[in-house]
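Take a look at the structure below.
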Amino acid sequence: MVPQWDFLDLLARAAAEEPCFTLRMRTEVRGLLTEDGRITGVRFLDEHGTPRELAADLTVACDGRDSVVRQAAGLRQQLFDVPMDVWQVRVDAPPSSQLLPHSRLRSSGGTPMRRGGPHADTLKDGRVFARFGGGQAAVTMDRGTYYQTSYLIEKGRDAELRAHEIQWLRDRLGALFDWDDEVTAAIGSWDDVKLLEVTFGRLRHWYRQGLLCIGDAAHTMSPVGGVGVNLALQDAVAAARILAAPLRRGTVGTAELARVQKRRQLPVKVVQRSQQAEHTMIRDALAGTLDGDRLPVPMRLLRRVPPLRTVTGYLGGIGVRPERAPAFARVKPGARSRGG
């Protein structure tokens with residue numbers, strides 16, 4: 001639920017305390033170095049656009065769903081069908097008198113966002129709201145001063161739908177979330193609406209000699225449920241625990257890399273199977289055959305049996321195979337890392 005850039009900044013500050021850590025900003029990987037079939041580092045453009053090379057005992061590809069490293073290594077994902085792409089847009093939070101009403105919207109936890117309550121109390125906890133009906137589906141996350149909003153469209157229809165005036169989208173979001181024209185006017189033009197072309201799949205092998213793919217580079221997740229970042233972090237923790245000792249010995253081979261994949265493959269498959277089931281519901285929603293009065297059985301159960309929300313929240317936030325930071329990576333609060 002944490003905004004991505006805030007979280008990345010937190011990681012960068014913590015990593016900066018390690019004596020062997022270097023962060024290169026405004027740097028773009030363009031290809032791989034190889035020697036006798038082994039990946040030995042990367043080619044990149046530095047912050048001045050100058051081509052450079054960086055040698056490495058192990059290259060970890062964590063560059064997302066459109067991974068340049070994965071492509072350069074010749075690794076190809078098995079892709080699964082998806083029914084949607086996503087428009088992402090920021091909408092300024094309305095004043096308290098215009099809060100999302102009880103009758104129109106419920107959070108993922110089933111708690112209504114009530115009209116007229118204290119604005120700070122309503123917006124402070126990062127709740128997520130979903131709304132669908134009439135061939136539309138959207139999710140918005142409460143970020144305090146704005147709503148981080150995802151509007152789902154049928155796969156491949158971005159260019160066609162952008163032929164509308166921007167007011168068309170404003171009206172549709174306003175109808176879904178009961179936002180008035182003053183609120184939706186924050187969407188100034190189509191330039192404010194970013195397209196996420198959804199892909200969904202996983203690699204058969206996450207590694208080559210000298211290279212390991214993790215996160216979306218290894219298993220591109222659907223945005224459904226927002227669990228991709230959780231899985232990526234768990235991949236990273238598992239990789240750190242399994243590979244730290246071999247890296248220190250200088251003996252990282254494919255057997256060690258395969259152990260990382262073996263450890264993480266089950267939770268990835270479980271989540272992707274769940275997402276495929278949710279895609280069926282999304283397909284029906286975008287086709288106009290599903291609305292809030294005809295919810296699937298699992299969603300009706302979640303509404304009627306509150307403890308089930310705790311179970312689904314745990315599975316989404318923690319997962320079926322949690323990862324714990326190894327002892328050597330833990331730093332006592334207030335103490336600086338000694339490296340290792």
Examine distances only and state if a side-chain atom of Arg43 and a backbone atom of Val29 form a donor-acceptor pair shorter than 3.5 Å. no

To the closest 0.5 Å, what do you measure between CG (Asp46) and CG (Leu54)? 12.0 Å

Asp235 (side chain) donor-acceptor with Gly215 (main chain) under 3.5 angstrom: yes

Rounded to the nearest 0.5 angstrom, the CG-CG distance for Asp192 and Leu169 is 10.0 Å

Taking CD in Glu165 as the centre, count heavy atoms belonging to other residues, nucleotides or ligands within less than 6.0 Å. Is the count above 12? no

Measure up the Trp206 and His219 rings against each other and bin them: parallel (under 30°), tilted (30 to 60°), perpendicular (over 60°). tilted

Could you check whether the rings of Trp168 and His164 sit parallel, tilted or perpendicular, using 30° and 60° as the cut-offs? parallel

Would you confirm whether Arg70, through its side chain, and Arg65, through its main-chain N or O, come within 3.5 Å as a donor-acceptor pair? yes

If I compare all heavy atoms of Ala73 with all of Leu211, which pair ends up nearest, and what's the gap? CB-CD2, 3.4 Å

When clusters are formed by joining ILVMFWY residues with side-chain heavy atoms under 4.5 Å apart, either directly or through shared neighbours, do Ile153 and Leu173 land in the same one? yes

Looking at Arg38 and Val252, what are the two nearest heavy atoms and their distance? NH2-O, 3.6 Å

Looking at every non-hydrogen atom in both residues, tell me the closest pair between Val139 and Ala130 and how far apart they are. CG2-CB, 4.1 Å

Scan side-chain atoms only and decide if Gln167 and Asp171 contain a donor-acceptor pair under the 3.5 Å cut-off. yes

Between Tyr151 and Gln88, is there a side-chain donor-acceptor contact under 3.5 Å, judged purely by atom types and distance? no

Within the side chain of Glu256, is there an N or O that forms a donor-acceptor pair under 3.5 Å with the backbone of Gly253? yes

Ion pair check, Glu154 and Arg157, cut-off under 4.0 Å: yes

Does Asp9 pair with Arg13 as a salt bridge, N-O distance under 4.0 Å? no

Step through the shown structure and confirm whether more than 12 heavy atoms of other residues, nucleotides or ligands are within 6.0 Å of CD on Gln265. yes

Could you check whether any side-chain N or O of Arg321 sits under 3.5 Å from a backbone N or O of Arg263, counting only pairs where one atom can act as donor and the other as acceptor? yes

According to a 4.5 Å side-chain heavy-atom criterion applied to Ile, Leu, Val, Met, Phe, Trp and Tyr, with indirect links allowed, do Leu247 and Val60 form part of one hydrophobic cluster? yes

Indicate whether the side chain of Thr220 and that of Gln77 have a donor and an acceptor atom separated by less than 3.5 Å. yes

Measure the spacing between CD1 of Ile214 and CG of Leu203 and express it to the nearest 0.5 Å. 12.5 Å

When rounded to the nearest 0.5 angstrom, what distance separates CE in Met221 from CD in Gln272? 4.5 Å

Pi-cation contact, Tyr146 with Arg90 (under 6.0 Å, within 45°): yes

Can you tell me how far the CZ atom of Arg24 sits from the OG1 atom of Thr22, to the nearest 0.5 Å? 6.5 Å

Of the non-hydrogen atoms in Thr140 and Phe177, which two are nearest, and what is the gap between them? CG2-CE2, 3.9 Å

Report the distance from atom OG1 of Thr50 to atom CZ of Phe44, rounding to the nearest 0.5 Å. 9.5 Å

From the list Leu196, Leu152, Val198, side chain to side chain contact (heavy atoms under 4.5 Å, CB included) with Asp85 holds only for Val198

Residue pair Arg172, Gln136: steps toward the side-chain hydrogen bond (donor to acceptor under 3.5 Å, both in side chains) verdict: CA-CA 8 Å; Arg172 292 172 79 84; Gln136 298 186 82; 3.3 Å; yes

Among His279, Arg283, Gln276, find the one that has a side-chain hydrogen bond (donor to acceptor under 3.5 Å, both in side chains) with Asp81. Arg283

Following the transitive rule for hydrophobic clusters with a side-chain heavy-atom cut-off under 4.5 Å over Ile, Leu, Val, Met, Phe, Trp and Tyr, establish whether Leu176 and Val183 coincide in one cluster. yes

